[in-house]
Amino acid sequence: MPLFFVMLNDTPSIYIFLKNLHALYAAGFDELVKRLEAPAGGAPVEITKDPHGKINARFIGWHNPWIHEHQNIHKIKELVKSKLELASYILLLGTGVGFELDAILREAIPSVKIFAYERYPELLKIALSMRDYSREILSKRLVFLLGSDLATYPWHHEPLPNLVFHPVLGIIYMEEQLWWKQQFAGVQKHITCFVNSNGLLARDILDELLDMGVNAYPVDVVSLSLSEITFQIKSFSPHFFMTVNHVKGLSKICASLDVPLVVWEIDPRIEMLPDDEINSRDIQNMVHIYTYRRKFVTYYREMKFRHVRYLPLAASTRRYYPMNIDPEVREKYEADISFVGNSMQLHGDWLISKAISLLKSYTSHPNIEEIVHKIVNIQCTCPDKFILPELIRNILPELKCSYVTDDEGRGINIEGCLSEKPASERRIKAVNTLAELAKEKIVKVWGDTGWQKRLASSIIYAGPAGHFHELPIIYNASRINLDVNRIYQKDIVPLRIFDILACNAFVLADDSQELNSLFRKGEEIVSFKKISQIPSICAYYLKHEDERREIARRGYEKVLREHTLRKRLSFILDDLKLG
């Protein structure tokens with residue numbers, strides 16, 4: 001048994017927090033103390049009491065799991081015992097509110113050194129407010145690591161610790177797991193970078209860069225304070241910072257620290273970039289924009305950004321590849337035709353109400369709400385042609401500019417706000433064209449609950465699909481994968497097309513000029529021009545299996561040759577002269 005162990009407190013205590021801070025300061029961790037005393041960011045956690053009446057935290061956006069699950073303490077104890085047979089150093093990936101750390105401290109003998117990592121300052125503050133760790137801190141038995149401390153700690157000065165995963169956070173902090181695994185794989189890494197861990201492609205980008213020999217470390221930019229981001233950049237000194245889509249304030253920080261910021265734009269946005277991020281010469285020189293829409297190259301260059309490139313999306317072939325699926329798993333995911341994607345119903349409604357609110361302050365028109373719904377409804381009745389910009393010009397001529405300023409001073413694109421609802425309605429209509437075919441064939445839709453009330457009864461709503469684990473299985477297990485692009489984004493090739501083809505699977509794609517510039521229609525991919533064509537095309541390729549498989553094979557080979565995530569990232573590194 002250890003000579004001393006930590007006593008748990010039922011509620012956070014400022015006295016315990018200050019005692020732990022004083023211990024950290026005395027032990028030489030004064031920078032960590034400053035960071036913990038700084039104003040908080042916006043971590044996606046809610047501190048509250050759990051069903052057991054104890055202080056706990058829930059993650060927002062991860063099916064709201066409790067960060068501490070009481071039944072996991074026994075698992076932690078058993079795991080620690082097994083780790084101690086191999087080493088006397090332990091790294092806990094995910095401190096949370098501290099329950100699991102307490103279990104480790106009780107179980108481990110006093111000579112074992114424990115590193116406790118946490119991504120979010122808010123969670124670490126709670127842990128330090130619940131338990132008195134001062135003796136362990138002062139004796140250097142316990143070392144807390146926050147954010148990029150995991151990457152900057154001098155691990156080469158002492159034996160590498162054995163990794164213990166927090167039962168919940170260990171799964172959520174998968175990006176840190178990827179970094180740890182690759183960092184000590186024996187590959188010498190000369191290039192360092194931060195990757196914003198928010199965004200659809202973020203984890204795949206991090207994984208690919210690490211495999212390419214780049215020391216890429218994840219940072220949750222959206223959830224950290226500006227001061228914490230600044231500290232981590234200064235501490236890590238990356239060659240560049242990469243983010244999927246623009247993040248407010250990040251370009252100013254990177255420009256002030258002379259760190260190139262790489263922005264790969266892959267999603268539609270309704271907000272204009274703030275004036276102070278457009279009109280700064282330092283930002284214009286330091287930001288490298290890669291956009292998935294060709295027309296935006298001119299748009300950004302007119303704003304005086306020096307480094308702007310067109311860069312289409314691509315498949316992560318480390319995640320998406322041809323699979324041999326276990327029969328039991330295949331039974332759950334198999335379908336003749338599958339569509340994966342959100343209905344966008346709630347988001348479309350929310351954007352319309354936002355536009356109406358903004359237009360009421362912009363124009364004195366008495367019937368603005370009626371006019372907005374008229375514009376949207378007309379576009380909804382025209383699923384094969386995007387006419388909304390023309391409708392706005394004709395029905396709402398007093399709207400002289402594309403953007404209206406909101407209460408926070410942000411320029412909001414009205415056309416963008418009104419486009420999502422028609423895109424949603426078109427997507428639902430497109431899927432429902434398969435209603436008759438679905439009486440004979442298995443047709444499944446994976447996505448948000450907005451689908452449930454809008455699908456034809458013959459079409460199966462299969463529920464949400466996990467992006468990291470289920471999508472590759474769904475694509476592999478479907479004879480035809482349907483793509484329905486947003487009606488206002490026909491100038492892009494969506495990510496799902498690259499991912500499906502990377503699985504050597506067949507995709508029926510939404511036709512566009514951009515699609516035809518990247519793939520040979522009828523040879524590497526099949527497309528529809530009107531949603532009414534979907535059922536007949538699907539019926540044909542379900543009957544002609546050999547032809548379907550041959551087209552899928554050619555599309556697969558094209559993706560491997562030209563459209564992999566590694567090729568895109570190599571292009572960026574070469575562009576930065578870091579290749």
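Residue indices begin at 1 and follow the sequence shown. Values below: all heavy atoms of this structure, side chains included; hydrogens, waters and symmetry mates excluded. Predicted, not measured: the structure shown is a model, and the values here were computed from it.
Put simply, the side chain of Lys360 reaches to within 4.5 Å of the side chain of Glu369, judged on heavy atoms. Contact check for Gln513 versus Asp491: no side-chain heavy atoms found under the 4.5 Å cut-off. Proximity of Gln345 to Ile428: side-chain heavy atoms (C-beta onward) are separated by under 4.5 Å at one or more points. Counting heavy atoms from C-beta outward, Tyr217 and Val195 have side chains that stay 4.5 Å or more apart. Taking the side chain as every heavy atom from C-beta outward, Pro535 and Glu436 never approach each other to under 4.5 Å.
Contact detail for Arg410 and Lys354: the closest heavy-atom pair is NH2-NZ, 3.9 Å. Across all their heavy atoms, Ala216 and Leu209 have their closest contact at CB-CB, 3.9 Å.
Using a 4.0 Å cut-off between a side-chain N of Lys or Arg and a carboxylate O of Asp or Glu, Lys429 and Glu425 do not qualify as a salt bridge. We find that Asp384 and Lys529 are not joined by a salt bridge, their nearest charged nitrogen and carboxylate oxygen being 4.0 Å or further apart. At a threshold of 4.0 Å, the pair Glu557-Arg554 does not count as salt-bridged, since none of the basic side-chain nitrogens sits closer than that to a carboxylate oxygen.
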Does the side-chain hydrogen bond (donor to acceptor under 3.5 Å, both in side chains) test come out yes or no for Ser197 and Glu175, once each step is laid out? CA-CA 7 Å; Ser197 58; Glu175 291 81 3; 5.5 Å; no
Apply side-chain hydrogen bond (donor to acceptor under 3.5 Å, both in side chains) to Tyr403 and Glu415, showing your working. CA-CA 8 Å; Tyr403 290 86; Glu415 180 186 309; over 6 Å; no
Evaluate the side-chain hydrogen bond (donor to acceptor under 3.5 Å, both in side chains) criterion for residues Tyr300 and Glu265: first the C-alpha distance (whole Å), next the side-chain angles of each, then the deciding distance (0.1 Å), finally the verdict. CA-CA 12 Å; Tyr300 286 118; Glu265 190 178 61; 2.4 Å; yes
With side-chain hydrogen bond (donor to acceptor under 3.5 Å, both in side chains) as the test, would you mind laying out the steps for Ser343 and Asp448 before giving the verdict? CA-CA 6 Å; Ser343 70; Asp448 63 350; 3.0 Å; yes
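A cation-pi arrangement is absent between Arg486 and Tyr488, since the terminal nitrogen or guanidinium carbon is not both under 6.0 Å from the aromatic centre and inside a 45° cone about the axis.
The main-chain N or O of Cys538 is never found under 3.5 Å from a side-chain atom of Lys441 such that the two would form a donor-acceptor pair. Judged purely by atom type and a 3.5 angstrom limit, Asp336 has no side-chain atom pairing as donor or acceptor with the backbone of Val443. Between the side chain of Glu420 and the backbone N or O of Leu351 there is no donor-acceptor pair closer than 3.5 Å. When atom types are taken as modelled, the side chain of Ser223 and the backbone of Asp220 share no donor-acceptor pair closer than 3.5 angstrom.
Taking the six-membered ring for Trp and thresholds of 30 and 60 degrees, Phe506 and Tyr541 have ring planes inclined between 30 and 60 degrees apart. Ring orientation note: the planes of His288 and His307 are close to parallel, at an angle under 30° on the 30°/60° scale.
The side chain to side chain contact (heavy atoms under 4.5 Å, CB included) with Val340 is formed by just one residue from the set Asp499, Val445, Leu471; it is Leu471. When each of Glu562, Lys567, Arg561 is paired with Thr564, the side chain to side chain contact (heavy atoms under 4.5 Å, CB included) condition holds for Lys567 and for no other.
Aromatic rings of His246 and Tyr290 (six-membered ring for Trp) have centroids beyond the 6.0 Å cut-off, not under it. Residues Tyr333 and Trp446 place their aromatic rings such that the two centres sit under 6.0 Å apart.
The CD1 atom of Ile497 sits 7.0 Å away from the CZ atom of Phe519 when rounded to the nearest 0.5 Å. In this structure, the separation between CH2 on Trp451 and CG on Asn432 is 7.5 Å, given to the nearest 0.5 Å.
More than 12 heavy-atom neighbours from other residues, nucleotides or ligands sit within 6.0 angstrom of CG on Asn394.
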